[in-house]
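These notes concern the structure reproduced below.
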Amino acid sequence: MARDSFDPDKELSAICNQLWELDENRLVPGEDYEIDLQRYTFYSNKGERDEAKCPLFSFVHDDVFKRPTFKRFMALLDNYSTETGVSEVVTPEEIKENQCFIDAIMETKVMQQAHEVLRERGKVPPDVRGFKHALYDLWFKLYARTRGMGRAAGDSSGFEHVFVGETRGDKDVIGFHNWIQFYLEEKRGNVDYKGWIPPRSSSRKDRQADNTAQLVSLQFTWKGQVKPVGSSFIGTSPEFEMALYTVLYYIGNKGDNHLEIGRYNVNITVHKMGEKLGSSFPIALSQDP
């Protein structure tokens, strides 16, 4: 069977690689954390066969979560009703938490570089305060993901979908592309890891578990509902993922973005909901030529 061709966007790859290199809070596999991928599975399995008897994460050092951006990121994860079709209620305290998170990530080099890239292209306000407002609107302003909800109702946001995860009906998990949320929910017993999924069009040599990989496609259940495939960076900082997805929202392709980031061939998909971010997530592609 013919393999998918991989033709990366060189200009976007260069921009995204710079963000990767500037991620000073990215964790080191085997030192800051350890994962156990175990056996691989496929989308068609849909969680019915468990190829991973142990949790994905063997450990993450507690000191990691004392870092300012990690700490403020974690404060946001319990602010949502994860069921789509249920209007969110945002309290003044939650608004403040969102703002404090944006303040924290804007102190990092990777987010400052994202601002510079977008400012040079005239995509965002040139001043930091204006950019922070743009980030808030893009990631935290509510919109209706479920059809039939009134204009005033909002059951979703870019942040909730990408980083927290959502449920739809009594079967589907949608979004949920963040390793920190995965780790915390796995510790609570809400996530059951079922195995990893090989890259698209991969050969057998690509089907060897690499526990140092920082981009992995996973199958799991969350609160009893199945995510047949959910791809995530592993060990990256919240600010890197915010920077990467924000840049691609403004200057990337709507839909697929074939990139080389670090040692990975990756497709990052970007979906828009009007003027808001609907979804963004990475998918590891085969490393074969």
Side-chain angles (χ1 to χ4, degrees), residues 8 12-37 55-77 100-118 135 139 159 162-164 176-187 196 199 209-218 230-249 252 257 259-270 280-285 287:
L12 272 179
S13 291
I15 291 169
C16 295
N17 260 305
Q18 191 170 23
L19 299 177
W20 178 266
E21 294 299 325
L22 288 172
D23 186 16
E24 296 177 309
N25 277 325
R26 184 168 71 249
L27 308 189
V28 178
E31 295 182 19
D32 297 314
Y33 73 95
E34 188 175 285
I35 60 172
D36 182 8
L37 288 173
L56 173 64
F57 282 92
S58 301
F59 75 87
V60 180
H61 280 308
D62 290 340
D63 286 350
V64 166
F65 302 113
K66 296 176 183 177
R67 301 177 186 183
T69 57
F70 283 71
K71 188 175 181 179
R72 292 189 180 183
F73 174 82
M74 291 167 60
L76 309 182
L77 298 178
C100 286
F101 172 65
I102 291 175
D103 287 343
I105 63 175
M106 282 305 302
E107 294 296 320
T108 66
K109 291 180 180 179
V110 65
M111 277 304 300
Q112 291 167 4
Q113 178 62 24
H115 184 205
E116 180 66 14
V117 166
L118 297 175
L135 287 173
W139 286 99
F159 186 90
V162 172
F163 293 107
V164 181
F176 202 139
H177 299 287
N178 179 256
W179 74 269
I180 299 173
Q181 170 74 337
F182 190 103
Y183 167 73
L184 295 173
E185 286 294 274
E186 188 174 59
K187 279 192 69 176
W196 64 283
D210 178 4
N211 290 322
T212 68
Q214 294 197 281
L215 174 60
V216 182
S217 294
L218 310 170
S231 297
S232 296
F233 289 104
I234 306 290
T236 48
S237 71
E239 59 265 29
F240 166 76
E241 293 184 42
M242 290 284 288
L244 179 67
Y245 299 148
T246 299
V247 164
L248 291 175
Y249 172 88
N257 294 271
L259 306 169
E260 293 174 331
I261 300 179
R263 64 184 176 97
Y264 303 104
N265 295 337
V266 57
N267 178 45
I268 297 183
T269 300
V270 177
S280 192
F281 55 90
I283 299 175
L285 301 177
Q287 305 300 303

Side-chain (Thr69) to main-chain (Ala104) donor-acceptor, under 3.5 angstrom: no
Can the ring centroids of Phe65 and Phe73 be said to lie less than 6.0 angstrom from one another? no
State, to 0.1 Å, how close Gln181 and Asn178 come at their nearest heavy-atom pair, and which atoms those are. N-OD1, 3.1 Å
What are the two closest heavy atoms between Leu19 and Ala114, and how far apart are they? CD2-N, 4.0 Å
Quick one: does Asn257's side chain have a donor or acceptor within less than 3.5 Å of a partner on Gly252's backbone? no
Full working for side-chain contact (heavy atoms from CB on, under 4.5 Å) between Leu135 and Met111: CA-CA 11 Å; Leu135 287 173; Met111 277 304 300; 3.7 Å; yes
Approximate separation, where rounding is to 0.5 Å, of Lys71 NZ and Lys66 NZ: 9.5 Å
Can you tell me how the ring of Trp20 sits relative to the ring of Tyr264, calling it parallel under 30°, perpendicular over 60° and tilted otherwise? perpendicular
Using a distance-only test with no angle check, is there a side-chain donor-acceptor pair under 3.5 angstrom linking Thr108 and Glu239? no
Can you tell me how far apart OH (Tyr183) and CD (Glu185) are? Round to the nearest 0.5 Å. 12.5 Å
side-chain contact (heavy atoms from CB on, under 4.5 Å) between Glu24 and Val110: does it pass, once the steps are laid out? CA-CA 8 Å; Glu24 296 177 309; Val110 65; over 6 Å; no
Decide yes or no for Ser280 and Val270: does some side-chain heavy atom of the first lie under 4.5 Å from some side-chain heavy atom of the second? yes
In sequence, state the C-alpha distance, the side-chain angles, and the governing distance for Leu259 and Leu248, and then conclude on side-chain contact (heavy atoms from CB on, under 4.5 Å). CA-CA 11 Å; Leu259 306 169; Leu248 291 175; 4.1 Å; yes
What distance separates Tyr33 OH from Ile35 CD1, expressed to the nearest 0.5 Å? 6.0 Å
Assess the side chains of Glu241 and Thr236: does a donor N or O sit below 3.5 Å from an acceptor N or O? yes
Any donor-acceptor N or O pair under 3.5 Å, side chains Trp139, Thr246: yes
Hey, are the side chains of Gln113 and Gln18 touching, using non-hydrogen atoms and a 4.5 Å cut-off? yes
Taking atom types as modelled and ignoring hydrogens, do the side chains of Ser237 and Asp23 form a donor-acceptor contact shorter than 3.5 angstrom? yes
Which label fits Tyr245 and Phe163: parallel for a plane angle under 30°, tilted from 30 to 60°, or perpendicular past 60°? tilted
Is the distance between the ring centroids of Trp179 and Phe233 under 6.0 Å? no
Does any N or O in the side chain of Glu186 come within less than 3.5 Å of the main-chain N or O of Phe57, such that one atom is a donor and the other an acceptor? yes
Between Val247 and Tyr249, is a side-chain contact (heavy atoms from CB on, under 4.5 Å) present by the stated rule, with each step listed? CA-CA 5 Å; Val247 164; Tyr249 172 88; over 6 Å; no
Minimum side-chain heavy-atom gap Asp32-Val60 below 4.5 Å: no
Taking C-beta and beyond as the side chain, do Asp36 and Pro55 meet within less than 4.5 Å on heavy atoms? no
Is there a side-chain contact between Leu37 and Leu56 (heavy atoms, below 4.5 Å)? yes
Separation between CG (Leu76) and CZ (Phe101), nearest 0.5 Å, reads 6.0 Å
For Pro282, the option from Asn267, Val266, Val216 that meets side-chain contact (heavy atoms from CB on, under 4.5 Å): Val266
Decide yes or no for Ile268 and Ile261: does some side-chain heavy atom of the first lie under 4.5 Å from some side-chain heavy atom of the second? yes
Do Phe70 and Ile180 make a side-chain contact, defined as non-hydrogen atoms from C-beta onward lying under 4.5 Å apart? yes
Can you tell me how far apart CD1 (Ile15) and CG (Asn17) are? Round to the nearest 0.5 Å. 10.5 Å
For Ser217 and Ala284 the tightest heavy-atom approach is OG-N, 4.3 Å
Is the backbone N or O of Ser231 less than 3.5 Å from a side-chain atom of His177, with the two atoms forming a donor-acceptor pair by type? yes
I want to check something: taking the side chain as every heavy atom from C-beta on, are Pro29 and Gln214 in contact at a cut-off of under 4.5 Å? yes
Hey, could you give me the OG/CD1 distance between Ser232 and Ile234, rounded to the nearest 0.5 Å? 5.5 Å
